[in-house]
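Heads up: numbering here begins at 1 and tracks the sequence.
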Amino acid sequence: MKIIVTGSLGNISKPLAATLVAQGHEVTVVSSDQQKQVAIKAMGATPAIGSISDVRFLTDTFKDADAVYAMIPLSFSEPDLGDYLHRMAQNYVQALKQTSPRRVVLMSGWAADLTSGENVEHVFDDLKTSLTIMRPASFYTNFYQSIDLIKGKGLIGKFLTLRYSGLWALLTGKTGLLMGNYGGDDRTVFVSPKDIADAVAEELLLLPGKRTVRYVGSEEMTCNEAAKIIGTAVGKPWLKWVLLSDKAMLQGLKMAKVPEKLAASLVEMQAAMHSGKTLENFHRNQPRMGKVKLVDFAKEFAEAYHRSN
């Protein structure tokens with residue numbers, strides 16, 4: 001099969017492309033970075049260098065393809081995340097309608113149907129092709145964004161430790177934490193990008209007659225249980241996951257100079273997870289869990305953690 005993989009050599013697309021090449025498929029990897037060409041070719045795939053904001057580029061790339069894996073990378077520089085996601089989704093639909101691949105697998109998220117502005121799944125409703133929407137749970141790799149929080153460095157780190165863990169923790173050097181407007185003893189599902197890649201690879205070879213939705217997860221636990229695993233891996237077994245109010249989370253994001261609409265979107269997504277509705281939907285669909293557990297990822301995370309300044 002001729003298969004198009006968008007997402008460059010990201011956490012999902014790289015192992016996905018490698019799997020498809022190993023299966024003998026003709027794989028084209030879409031990337032906006034010209035410097036990725038050598039690595040893509042070394043995998044045995046064909047690079048297509050361009051942007052998903054360019055409909056003509058997408059149309060040319062999708063021509064004669066049997067299947068397309070479509071993903072929209074999050075942009076933290078876009079002031080309006082919802083508007084950006086809808087524009088990119090419409091670009092995909094326009095190109096897919098002109099090229100008519102038999103199979104499309106769309107990357108979404110497990111809170112997509114529970115949020116207002118970020119759900120672009122409906123944009124693909126008019127496609128006359130076999131479509132599966134992937135709804136993976138919370139990525140293990142999101143922990144990388146919290147390395148500074150876990151380290152608890154500087155005045156802010158000391159202040160957060162004092163506020164949420166107390167004076168004794170500060171005096172004994174037990175700094176660092178995780179936080180969000182979901183956390184604490186909230187139960188959630190985490191997922192490895194490798195398990196997502198395996199699921200997408202399976203779906204690309206199927207041809208269901210109607211639109212389907214597939215949830216993907218690797219392990220279920222509470223947020224504090226996850227914090228314990230991550231903390232133990234980096235030498236901070238006391239690490240905990242502090243649950244903030246929506247208001248406090250929004251204020252924190254604004255202080256970090258996250259654009260206002262983007263901050264509101266992130267708070268809404270985490271609020272959906274705190275409500276338990278994402279977990280309820282996940283259980284209702286009864287997906288099988290992936291192979292990579294959090295303790296496995298924690299070893300990789302610890303290496304990156306100790307390399308960071």
Side-chain angles (χ1 to χ4, degrees), residues 1-75 84-85 87-109 120-121 123-124 127-134 136 139 141 191-208 211-212 214 216 290 292 300:
M1 291 175 62
K2 182 178 180 181
I3 303 176
I4 311 299
V5 174
T6 61
S8 190
L9 295 180
N11 291 325
I12 298 171
S13 296
K14 184 176 180 179
L16 172 60
T19 295
L20 295 172
V21 168
Q23 292 174 346
H25 299 289
E26 182 183 344
V27 179
T28 296
V29 176
V30 174
S31 177
S32 60
D33 186 353
Q34 290 190 357
Q35 295 183 356
K36 293 289 197 305
Q37 289 189 81
V38 173
I40 292 171
K41 289 179 181 178
M43 296 175 65
T46 300
I49 306 301
S51 172
I52 63 171
S53 63
D54 184 343
V55 176
R56 178 172 292 182
F57 163 72
L58 289 177
T59 303
D60 291 342
T61 302
F62 294 171
K63 185 179 179 181
D64 299 325
D66 296 302
V68 173
Y69 163 62
M71 65 85 64
I72 304 174
L74 283 180
S75 173
Y84 159 75
L85 293 174
R87 283 188 284 111
M88 297 305 105
Q90 289 164 355
N91 289 348
Y92 271 129
V93 169
Q94 189 174 338
L96 290 167
K97 284 183 174 180
Q98 292 183 52
T99 53
S100 301
R102 291 185 303 156
R103 182 69 168 137
V104 176
V105 176
L106 172 68
M107 182 55 59
S108 185
V120 297
E121 296 174 0
V123 178
F124 294 77
L127 280 183
K128 308 299 182 184
T129 189
S130 176
L131 173 67
T132 290
I133 295 170
M134 308 297 293
F139 288 26
T141 47
V191 65
S192 165
K194 295 174 184 176
D195 286 334
I196 301 171
D198 286 345
V200 172
E202 289 178 6
E203 291 293 339
L204 285 167
L205 305 186
L206 302 177
L207 202 65
R211 191 180 92 157
T212 60
R214 179 170 177 175
V216 190
V292 184
E300 300 175 17

Tabulate below the donor-acceptor pairs under 3.5 Å that side-chain atoms of residues 45-53 make, not counting sequence neighbours, or state none.
unit_1 : atom_1 : unit_2 : atom_2 : d
Ser51  : OG     : Ser53  : N      : 3.0
Ser51  : OG     : Ser53  : OG     : 2.6

Item to complete: To the nearest 0.5 Å, tell me how far Ile72 CD1 sits from Arg87 CZ.
Response: 10.5 Å
Discussion item. Can you list everything that forms a salt bridge (Lys or Arg N to Asp or Glu O under 4.0 Å) with Arg56? Sequence neighbours excluded, please.
Written reply: none
Worksheet item: Does Leu20 reach the side chain of Tyr69, with side-chain heavy atoms less than 4.5 Å apart?
Response: no
Worksheet item: So how far is it from Met71 CE to Met88 CE, rounded to the nearest 0.5 Å?
Response: 13.0 Å
Discussion item. Going by side-chain hydrogen bond (donor to acceptor under 3.5 Å, both in side chains), name the pairs with one or both residues in residues 88-98, residues two or more places apart or in two chains.
Written reply: Thr6-Tyr92
Worksheet item: Do you know which two heavy atoms are closest between Ile12 and Met107, and how far apart they sit?
Response: CD1-CE, 4.1 Å
Worksheet item: Quick one: salt bridge (Lys or Arg N to Asp or Glu O under 4.0 Å) partners of Asp33, sequence neighbours excluded?
Response: Lys36
Worksheet item: Which pair of heavy atoms, one from Tyr84 and one from Pro73, lies closest together, and at what distance?
Response: OH-O, 2.7 Å
Worksheet, complete the sentence: Note: Val68 and Ala65 closest approach over all heavy atoms is CG2-CB, 4.4 Å
Practice prompt. Taking the side chain as every heavy atom from C-beta outward, state whether Leu205 and Arg103 have any atom pair closer than 4.5 Å.
Written response: no
Worksheet entry | Closest heavy-atom pair and its distance - Ser8, Val29 | O-CG1, 3.4 Å
Worksheet, complete the sentence: In terms of heavy-atom contacts, Pro15 and Ala197 come closest through CG-CB, 3.8 Å
Worksheet item: Are side-chain heavy atoms of Val104 and Leu96 found at a separation under 4.5 Å?
Response: yes
Discussion item. For a quick test of reading the model, state the closest non-hydrogen atom pair linking Ile40 to Ser31 and the distance between them.
Written reply: CD1-CB, 4.2 Å
Discussion item. Could you check whether any side-chain heavy atom of Met134 comes within less than 4.5 Å of a side-chain heavy atom of Val200, counting everything from C-beta outward?
Written reply: yes
Practice prompt. For residues Ser100 and Thr129, determine if any side-chain heavy atom of one lies less than 4.5 Å from a side-chain heavy atom of the other.
Written response: no
Discussion item. Among residues at least two apart in sequence or on other chains, which ones pass side chain to side chain donor-acceptor pair (under 3.5 Å) with Thr28?
Written reply: none
Practice prompt. Under the salt bridge (Lys or Arg N to Asp or Glu O under 4.0 Å) rule, collect the residues that match up with Glu202, sequence neighbours excluded.
Written response: Arg214, Arg288
